[in-house]
Amino acid sequence: GTVVRVRPAAGAPPVRAVAATMDQALVGVAGDGLRARPGVLARALAAVDAAGVGVALVAQGASAYALTLAVAARDAAAAAAALREALAPE
């Protein structure tokens, strides 16, 4: 496995490995309606789950106005449609 340390061991390169997951897509939702609304992420995940889409990653980043999900590329359109429907009231 990869050992993660604050400082690399003496003489060791700072990066030991890079991993990639192929065939993924980022599906994002952005808007004023997302800011400070309890339950938005829960509704978003419930909606994509109901559409049969698995989520590999959730990111909100530095903005309270945006939410991004990583999904299988083949499921991107279904995830986007589910999010549009579920979060339209926002």
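The first residue in the sequence is number 1, and the count goes up from there. All values reported here derive from a predicted model rather than from experimental measurement.
- Heavy-atom minimum distance, A47 versus A86: CB-CB, 3.4 Å.
- By the side-chain contact (heavy atoms from CB on, under 4.5 Å) test, V29 is found to be paired with L34, L83, L87, residues two or more places apart in sequence or in another chain being considered.
- More than 12 heavy atoms of other residues, nucleotides or ligands sit less than 6.0 Å from atom CD of Q60.
- Hydrophobic clustering of Ile, Leu, Val, Met, Phe, Trp and Tyr side chains at less than 4.5 Å, counting indirect connections, keeps V58 apart from L26.
- Across every non-hydrogen atom of L67 and A44, the tightest pair is CD2-CB, 3.9 Å.
- Annotation for A72 and Q24: closest pair CA-NE2, 3.9 Å, computed over non-hydrogen atoms.
- Counting heavy atoms from C-beta on, the side chains of L69 and V48 come closer than 4.5 Å.
- With rounding to the nearest 0.5 angstrom, the CD atom of E85 is 12.0 Å from the CZ atom of R43.
- Scored by the side-chain contact (heavy atoms from CB on, under 4.5 Å) test, A78 finds V53 as partners (sequence neighbours excluded).
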